[in-house]
Number of protein chains: 2
Amino acid sequence: MEGAGRNGQKKRVRRQSPERVLQRDPERTRAAILEAATKEFAENGIGGARVDAIAERAGTNKRMLYHYFGDKEQLYLRVLEEAYVGIRTAERELHIGDRTPEEGIGELALFTWRYFLKHPEFLSLLGTENLHRARWLRQSVRLKELHSHLIGELADVLERGKKAGVFIANADPLNVYLTIASLGYFYLSNQYTLSTIFGRDLAEPGNLNAWERHIVHVTLASISA
Amino acid sequence: MEGAGRNGQKKRVRRQSPERVLQRDPERTRAAILEAATKEFAENGIGGARVDAIAERAGTNKRMLYHYFGDKEQLYLRVLEEAYVGIRTAERELHIGDRTPEEGIGELALFTWRYFLKHPEFLSLLGTENLHRARWLRQSVRLKELHSHLIGELADVLERGKKAGVFIANADPLNVYLTIASLGYFYLSNQYTLSTIFGRDLAEPGNLNAWERHIVHVTLASISA
DNA sequence: CCATCAGGTAACTGTTTAGTTACAGCTTTG
DNA sequence: CAAAGCTGTAACTAAACAGTTACCTGATGG
């Protein structure tokens, strides 16, 4: 509507910001970009995320983003990798093998649920990545070994439970983990449509607590001898 | 790189396609747009979906899309509503009340799993809509009443099971449905990242069948007296 | 049998977007 | 302390995008 701000001339006017005396800190800038990108990708998906928005949220600009991370897709992969490292690192510190088998499984179920509850951006990122059939995660080399530890530890707990006569013989560690993760993931990631169609606010504390108890109950019921 | 195809002149050159003798069919065009949009939104999310791509997939053009559906967001809501109508309509035809309580619950679990398996685009749409916190679904007036039927029917089955002494007393119909849906949704919608990180192809027929049996087993175990 | 209108095409437009570039202040080191 | 390289800014550009417009063509009904 208003006059043309863009014309053919290649003239560039430089202006220096006179007051800007901010301390330099590459590590801080890098971390700020990563955190801002995590939020932006989690909120909008990879197609909806805006590079300008990430730069602005990080309090920097696109030049730095491209300097540190290459391009939008590489930045996205970095965000995704860090998200996985986050949950698997916290999970390791549980040491579910140090308890009775039932307590160990219950502890893992509680931890998973509460981690999902505290980190909705992790759930969103998983959703986005699966929408694209793990197109970026597949290219990651860092993550393959991160997950064998979990399955191994879980297999040990199930084996001890079986020998103690409290768990069924054919409980598969992957299936047990998928059961726990399913119940937490679906409830939280789909809470918005579910609350809408069923007319009950799933985010209400009473409902959240009931579902937490439900997860532990269902998980144990599914493998109890 | 090549010469400017666009200049300031407002001249428009019209050309008529000489061979195009296609039969007119507004209903077919409308349906084609809806189907194409379902695929495009399911594959790319709302931010990644391209209006041009939808028009091309439907074998028509943007003019018709805007003519029939208003804009991109209204088209998206239509797609979402149709997806819900699809599953709820099929579900109604099950008549889970016509069987024993255990069979009824098992039947519902099997139906839900198989419907998710056959309609991956439904899962993708749910994921997209939840990423945006049900922003569009909330505006829908058509869907509120579509879901009370399911919960009512399920409540009846649980009550009969309780009276027959096969189900526990405090089984909540919504929780039972959420349990069934959780186990199916998570396994299928997250199969790509899960297969990648755990190094096991979840889409392999043997694994799919094992999980189908697992869902029925877990659901019944969680409510059995 | 022609006036009207719904169905249809494709070029067009203003804006947004990912990615680049010209430039400049810090910071380090020979 | 000066050259070189790293951190940072903001304007720039080509392409892509959602949405519009000019125009055309079959069908329909008075």
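Note: hydrogens, waters and symmetry copies are ignored here, and every other heavy atom, side chains too, is used. Quick note on labels: first sequence line is chain A, next is B, and so on, each numbered from 1. Since the model is a prediction, treat every value here as computed from it, not as a measurement.
- Rounding to whole angstrom units, CD1 of residue A/Ile33 and C1' of D/dG8 are separated by 11 Å.
- Side-chain atoms of B/Lys62 lie closest to D/dG19 of the nucleotides D/dG19, C/dA22, C/dT9.
- Using a cut-off of 4.0 Å between Lys/Arg side-chain N and Asp/Glu carboxylate O, A/Glu35 and A/Lys39 are scored as salt-bridged.
- Between the CZ atom of B/Arg30 and the P atom of C/dG8 there is a distance of 12 Å, given to the nearest Å.
- Between the CG atom of B/Leu65 and the P atom of D/dG19 there is a distance of 9 Å, given to the nearest Å.
- Near DNA chain D, meaning a heavy atom under 4.0 Å away, the residues from residues 41-53 of chain B are B/Ala49, B/Arg50, B/Val51, B/Asp52.
- With rounding to whole Å, B/His67 atom NE2 is found 13 Å from D/dT20 atom P.
- One atom, OH of A/Tyr66, and another, P of C/dT17, lie 12 Å apart when rounded to the nearest Å.
- Applying the side chain to side chain donor-acceptor pair (under 3.5 Å) test to every pair with at least one member in residues 130-140 of chain B, sequence neighbours left out, gives these pairs: A/Thr193-B/Asn130, B/Glu73-B/Trp136, B/Glu81-B/Ser140.
- Atoms CD (B/Glu27) and C1' (C/dA6) sit 14 Å apart, rounded to a whole Å.
- For the OP1/OP2 pair of C/dG8 and a distance below 4.0 Å, the side-chain nitrogens and oxygens of B/Thr29 include at least one atom meeting the criterion.
- No option in A/Phe116, A/Tyr115, A/Phe122 other than A/Tyr115 meets the ring pair (Phe, Tyr, Trp, His ring centres under 6.0 Å) test with A/His119.
- Ring orientation note: the planes of A/Tyr187 and A/Trp211 are close to parallel, at an angle under 30° on the 30°/60° scale.
- At least one side-chain nitrogen or oxygen of A/Thr60 sits closer than 4.0 Å to the OP1 or OP2 atom of D/dT9.
- Using a 4.5 Å cut-off on side-chain heavy atoms (C-beta onward), B/Leu110 and B/Ile215 make no contact.
- Taking only side-chain nitrogens and oxygens, A/Asn61 never comes nearer than 4.0 Å to OP1 or OP2 of D/dG8.
- Phosphate contact (OP1/OP2 of D/dG8, side-chain N/O of A/Tyr68, threshold under 4.0 Å): present.
- No side-chain heavy atom of A/Val218 sits less than 4.5 Å from a side-chain heavy atom of B/Thr219.
- When rounded to the nearest whole Å, the span between CG of A/Leu75 and P of C/dA18 equals 11 Å.
- Separating the CD atom of A/Glu56 from the P atom of C/dA18 is a distance of 13 Å, rounded to the nearest angstrom.
- In this structure, A/Gly70 and B/Arg63 both approach DNA chain C, and ranking their closest nucleotides by distance from the 5' end singles out B/Arg63.
- Sparse packing is recorded around CD of B/Glu56, with 12 or fewer heavy atoms of other residues, nucleotides or ligands lying under 6.0 Å away.
- Residue B/Met64 has its side chain nearest to C/dG7 when only D/dG19, C/dG7, C/dA10 are considered.
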